[in-house]
2 protein chains.
Amino acid sequence: MPTVTDRYHHGDLPNALRRAAVDVIGERGPAGFSLREVARRAGVSHTAPAHHFGDVRGLLTSVAAEGFQTLEATTTAAAAEHDDPVEQLMAIGEAYVALARSHAAHCSVMFRPDLVDQDDASLRTCGLGAYSVLERTMRRVIEHEGVDVDLDDLTWMCWSTMQGLVTLEGKFNALNELRGNDPISTRDLVRRFTAIIVRGMHT
Amino acid sequence: MPTVTDRYHHGDLPNALRRAAVDVIGERGPAGFSLREVARRAGVSHTAPAHHFGDVRGLLTSVAAEGFQTLEATTTAAAAEHDDPVEQLMAIGEAYVALARSHAAHCSVMFRPDLVDQDDASLRTCGLGAYSVLERTMRRVIEHEGVDVDLDDLTWMCWSTMQGLVTLEGKFNALNELRGNDPISTRDLVRRFTAIIVRGMHT
DNA sequence: TCTGGATGTTGACAGTGTCCAGATCGATGT
DNA sequence: ACATCGATCTGGACACTGTCAACATCCAGA
């Protein structure tokens, strides 16, 4: 009985290619990405990906969109475990930095305009979905704190801080080690940063 | 009389290669970078760069280090134009986002572990130099505000927020446009984010 | 002066993305 | 049942890439 990979028509090649792409990026980084290597791992000819994604950029765009989808899913789930809005905000932050670890390949592509088609409709939709989770929570935080501040400002500041933390984490740890300090928990850092934002929104 | 580029020995090839590399990255993005194209623009054979930078990673590492150097220089100059520590902090933030525009090529490489040798000694030195400018100013802010908070925490939060702002700026503007809002000045955003951090450091 | 090391060149090799023509399959209509 | 057509996949080709080895050129110090 032929398995699904033996057949001329793969069956679900797009998903298989996405998984292979994530593996390759995870091992070699986005710079070492190779479309042919991806095809090889999916057990398919080197031109097969083009029929589904057009272009290397198309495949990476699809990976990025998948990243935003799981970001929306995990942050939604994390927020749902708390009632207090501030705790929800912290949980979202923790989920964000956790995702940067568990899905490093996706995250290393999501904000890279040179690798991804920023105008792709599904990418924009998925990005917006992830944003609205944070925005919804931030709205509740603002109400809970009873302050009068711009929702978009706060939402973007929160996202910026988390994203910056993720990209600078390496340098942060390097400096910490250089100075002989104890290693710092990124989760704790997220909580302290979030606390500063919440306090700082009061006039 | 032969110009410097006519001679067998270029004279200052490393700098010429760095400049060419910055041009290429600026036009094609870090993903479209090509060592041969850089050599072509410098008017030199395709293997010449190897003698100065070893491989492509070496050249990009050098570009990144240069980026940190000019970051240190511009933030230092920006801070020197004010006396009030909080104003200095804001000026540093403005200089940071300005650098992301004026030196987009450098910035698109500085925090990319897959493109750059993070263990390179000169890169680490330059990165530390840029960090210490922000740290010095943040120390003054903390004293000025008379609060008792961890200096490293605040410094990294400030850097994270600025860095996140720069990488998310595109998505931010896209959403803003989608909702039909007026375009937002990134400089104003930096000032508001900084103000939140300064307020939030009070217990 | 000559000699060694730094600097730059040429040629080669495997690997890459994309285009093109063709092969194979599955669903659809008769 | 069967022909057909579009979707899916293959193989070959092309220009381009990074790196290696062997060679050429030049400068500086013994």
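To find a chain, count down the sequence lines: A is the first, B the second, and so on, and within it residues start at 1.
Here B:H52 pairs with nothing under the ring-ring contact (aromatic ring centres under 6.0 Å, His included) rule; sequence neighbours left out.
Counting any heavy atom pair closer than 4.0 Å across all strands shown, A:R40 reaches sugar-phosphate atoms only and no base atom.
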Show each protein N/O and nucleotides 12-14 of chain D N/O combination with a separation under 3.5 Å, one pair to a line.
| unit_1 | atom_1 | unit_2 | atom_2 | d |
| --- | --- | --- | --- | --- |
| D:dG12 | O6 | A:H46 | NE2 | 3.0 |

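Taking atom CG of residue B:L115 and atom C1' of nucleotide D:dT17, one finds them 15 Å apart after rounding to whole Å. Here D:dG18 presents its P atom at 16 Å from CZ of A:R28, a figure rounded to the nearest Å. As a whole-Å value, the separation of A:H51 NE2 from C:dA21 P is 13 Å. Taking atom CG on B:L17 and atom P on C:dT9, their separation rounds to 10 Å, with Å as the unit. Taking atom CZ on A:F53 and atom P on C:dT18, their separation rounds to 13 Å, with Å as the unit. Look at NE2 on B:H52: it is 12 Å from P on C:dA6, rounded to the nearest Å. B:D55 has its CG atom 10 Å from the P atom of D:dG18, to the nearest Å. B:L13 has its CG atom 15 Å from the C1' atom of D:dT25, to the nearest Å.
Of the possible polar contacts, none joining the B:S132 side chain to the B:E135 backbone as a donor-acceptor pair under 3.5 Å is found. Remark: side-chain polar atoms of A:S62 are not paired, donor with acceptor, to backbone N or O of A:G58 under 3.5 angstrom. Between the B:S34 side chain and the B:E37 main chain, a donor and an acceptor come within less than 3.5 Å of each other.
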Steps toward salt bridge (Lys or Arg N to Asp or Glu O under 4.0 Å) verdict (B:D117, B:R57)
CA-CA 7 Å; B:D117 178 15; B:R57 168 168 302 231; 5.3 Å; no
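Between D:dG11 and A:S45, no contact under 4.0 Å exists linking OP1 or OP2 to a side-chain N or O. Within the structure, every side-chain polar atom (N or O) of A:S34 is placed at least 4.0 Å from both OP1 and OP2 of C:dG15.
Under the side chain to side chain donor-acceptor pair (under 3.5 Å) test applied with B:Q88, the options B:R140, B:H82, B:R136 reduce to a single match, B:R140.
Classified by interplanar angle (parallel below 30°, tilted 30° to 60°, perpendicular above 60°), the ring pair B:W156/B:W159 is parallel.
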